[in-house]
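A quick write-up on the structure given underneath.
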Amino acid sequence: MEGSCVDEALSHSARRQQTPPHASEAPQRMGSGVSAVLDPTPESGMEAVSRKLKLSSSQYKGVVPQPNGRWGAQIYEKHHRVWLGTFGNEAEAARTYDVAAQRFRGRDGITNFKPLSESDDDEAYEFSFLVAHSKAEIVDMLRKHTYHDELQQSKRAQGGDLVVGRRTTPRYLRSARLMLFDKVVTPSDVGKLNRLVIPKQHAETYFPLESGSSVASKGVLLNFEDAGGRVWRFRYSYWSSSQSFVLTKGWSRFVREKKLKAGDVVSFWRSTGPEKQLFIDWRTDVIASFRTMTPPPTVNPVPVVKLFGVDISELLPVNGGDRKRGREAELFPPSQFVEQQFFEAL
DNA sequence: AAGTGTGTTGAG
DNA sequence: TCAACACACTTG
């Protein structure tokens, strides 16, 4: 079987991109794999013996015709073909390939249709589901045609409501998280102004305030949970004088306690669940720590140990960045950020 | 017999 | 990396 090498570490890097480009349109073509375009004569029994039936190739990537008119799906990795099963219809085989492509090649793997899930949330969820399983497991589901069911089932299993009490929510959320945006903090973001400027485009997209309303000028209080499960509350408002969106009250405390420096990166996340809970995380300025470190520098500033239950500590330098994050690292929740770190580390 | 997936090759 | 093709092997 070719499935033996399937479980190696992910081979390709994935770039973070909100909307991966689609593969070209794939207009439906009916019919079986047997090309009969100009020969509608039904093959009956014996003619097939002498006639060499030409299999019509698939319009879909990763899909190959089978002699009986069905379709096979396959993906290549490391010189080897990984067989993904056979299917009665071409598009189904193509979707199967797509799933494998995402699992094997990351978010930006070329696909026939993806993203199928129209909502970002769904897509984020599906991706975390993929990464949470080994390649072999995914391939197995695909071959047995149970992938979709298992995905749904896992959604259902997660589906329970997270009761948000007055306190912190459970720090280990199972639900997938969607990265909203990163910001490299400027000197003024960590300086005396006690505010963080949210780039306008991101502010309007992710933290909309009714423009001109009193709410906008007075601001609203937003809660963000950090990797350690601690909740930070910031005032978020619009400063008309500078025409900018800012986090004010509460921000300086975050800067102080996290020892944020200019050049560090703050990232914002949102849970994909119905609660739309917000998260904040930060990481050190990779370039700066690269410069100041004495021993062979670590590539990864976040000493993530586990990724969706998969121990990747051997793949990542554990000595971490130059500033400690303590036990927070162990508690770092599943997230696309982690996925990116993971992919990029390989 | 029907269906599946591998061996192999050559193109890109 | 990818699909085309032939055919051995498996399954019902």
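Atoms considered below: every heavy atom in the structure, side chains included; atoms not considered: hydrogens, waters and symmetry mates. In what follows, every chain begins at residue 1, and chains take the letters A, B, ... in the order their sequences are listed.
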| query | Is the distance between the ring centroids of A:F224 and A:F279 under 6.0 Å? | reply |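 Not under 6.0 Å, so no.
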
| query | How about A:F181 and A:F207: are their ring centroids closer than 6.0 Å? | reply |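 Yes: the rings meet the under 6.0 Å criterion.
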
Rounding to an integer number of Å, can you tell me how far [X] [atom1] sits from [N] [atom2]?
X      : N      : atom1 : atom2 : answer
A:Y60  : C:dA4  : OH    : P     : 15 Å
A:H79  : B:dG7  : NE2   : C1'   : 17 Å
A:W71  : C:dC5  : CH2   : P     : 12 Å
A:H80  : C:dC2  : NE2   : C1'   : 15 Å
A:W83  : C:dA8  : CH2   : P     : 17 Å
A:I110 : C:dC2  : CD1   : C1'   : 13 Å
A:N68  : C:dT11 : CG    : C1'   : 13 Å
A:Q66  : C:dT10 : CD    : C1'   : 14 Å

| request: Work out which heavy atom in A:A203 is nearest to a heavy atom in A:Y236; give both atom names and the distance. | output: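 In terms of heavy atoms, the two residues are closest at CB-OH, 3.3 Å.
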
| request: Consider the side chain of A:P65, meaning its heavy atoms from C-beta on, and name the nucleotide among C:dA4, C:dC2, B:dT4 that approaches it most closely. | output: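 So the nucleotide nearest the side chain must be C:dA4.
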
| message | Can you identify which nucleotide, out of C:dA4, B:dG3, C:dC7, has its nearest atom closest to the A:P67 side chain? | response |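 Among C:dA4, B:dG3, C:dC7, the one nearest the side chain of A:P67 is C:dC7.
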
For [N], does either OP1 or OP2 sit under 4.0 Å from a side-chain N or O belonging to [X]?
X     : N     : result
A:T86 : B:dT4 : yes
A:K61 : C:dC2 : yes
A:R70 : B:dT4 : yes

| message | Could you tell me if A:S154 and A:Y125 have a donor-acceptor pair between their side chains, going purely by distance under 3.5 Å? | response |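 On atom types as modelled, these side chains qualify, holding a pair under 3.5 Å.
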
| query | Do the side chains of A:Q277 and A:E225 get nearer than 4.5 Å, heavy atoms only? | reply |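 SC-SC contact between A:E225 and A:Q277 confirmed.
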
| message | Is the terminal nitrogen or CZ of A:K135 (NZ for Lys, CZ for Arg) located under 6.0 angstrom from the six-membered ring centre of A:F104 and within 45° of that ring's axis? | response |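 Verdict for A:F104: a cation-pi partner in A:K135.
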
| task | Can you check whether any acceptor in the base of B:dG5 is under 3.5 Å from a donor in the side chain of A:Q74, or vice versa? | result |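 Side chain to base: no pair present.
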
| ring-ring contact (aromatic ring centres under 6.0 Å, His included) assessment of A:Y60 paired with A:Y97 | CA-CA 9 Å; A:Y60 296 113; A:Y97 172 85; over 10 Å; no

| request: Using a heavy-atom cut-off of under 4.0 Å over every strand shown, decide if A:G72 touches base, sugar-phosphate, or nothing. | output: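 No contact.
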
N/O contacts under 3.5 Å, protein versus nucleotides 8-12 of chain B?
{"unit_1": "B:dT8", "atom_1": "O4", "unit_2": "A:R81", "atom_2": "NH1", "d": "3.4"}

